[in-house]
> 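Just dropping this structure here.
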Amino acid sequence: MARDYTYAEAAAKLRIAETTLRRWVSKGRVPCHRLGRKVRFTEADLEAAYQACPALAGRR
């Protein structure tokens, strides 16, 4: 079963601020899954974030 990440966990994994991740999600730059009011990220979502944001390429 795939692991789901919260905003805080995903931001830490991407090595960016949580507020930056929230802003990118609201602008549609990073995919996510919504479960009611909760937002979760899968490994595929985080990989897509690396592809969508060239600035993250050096942070892997």
Side-chain angles (χ1 to χ4, degrees):
M1 184 169 167
R3 182 164 193 283
D4 290 335
Y5 297 93
T6 63
Y7 268 116
E9 293 168 334
K13 189 159 177 76
L14 293 171
R15 291 195 259 165
I16 58 173
E18 187 176 336
T19 55
T20 301
L21 181 58
R22 288 179 184 274
R23 187 173 51 250
W24 288 355
V25 166
S26 70
K27 290 182 178 184
R29 291 177 64 185
V30 176
C32 65
H33 295 83
R34 297 184 188 276
L35 305 168
R37 293 180 58 185
K38 296 179 182 180
V39 176
R40 296 292 183 258
F41 303 89
T42 62
E43 288 287 340
D45 294 335
L46 299 181
E47 185 62 34
Y50 281 117
Q51 301 299 323
C53 304
L56 292 178
R59 296 183 183 209
R60 285 188 172 185

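Since we're looking at a predicted model, the values are computed, not measured.
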> Going by the rule side chain to side chain donor-acceptor pair (under 3.5 Å), which residues pair with Tyr7 if we only count those two or more places apart in sequence or in a different chain?
none
> Does Arg22 come within less than 4.0 Å of Glu18, counting only side-chain N to carboxylate O?
yes
> As a quick check of understanding, evaluate side-chain hydrogen bond (donor to acceptor under 3.5 Å, both in side chains) for His33 and Asp4, giving each step before the final call.
CA-CA 9 Å; His33 295 83; Asp4 290 335; 6.0 Å; no
> Do the non-hydrogen side-chain atoms of Glu9 and Leu14 ever get within less than 4.5 Å of each other?
no
> I want to check something: taking the side chain as every heavy atom from C-beta on, are Asp45 and Tyr5 in contact at a cut-off of under 4.5 Å?
no
> Minimum heavy-atom separation for Ala11 to Leu21, with atom names?
N-CD2, 3.7 Å
> Which heavy atom in Phe41 sits nearest to a heavy atom in Pro31, and how many Å separate them?
CD2-O, 3.5 Å
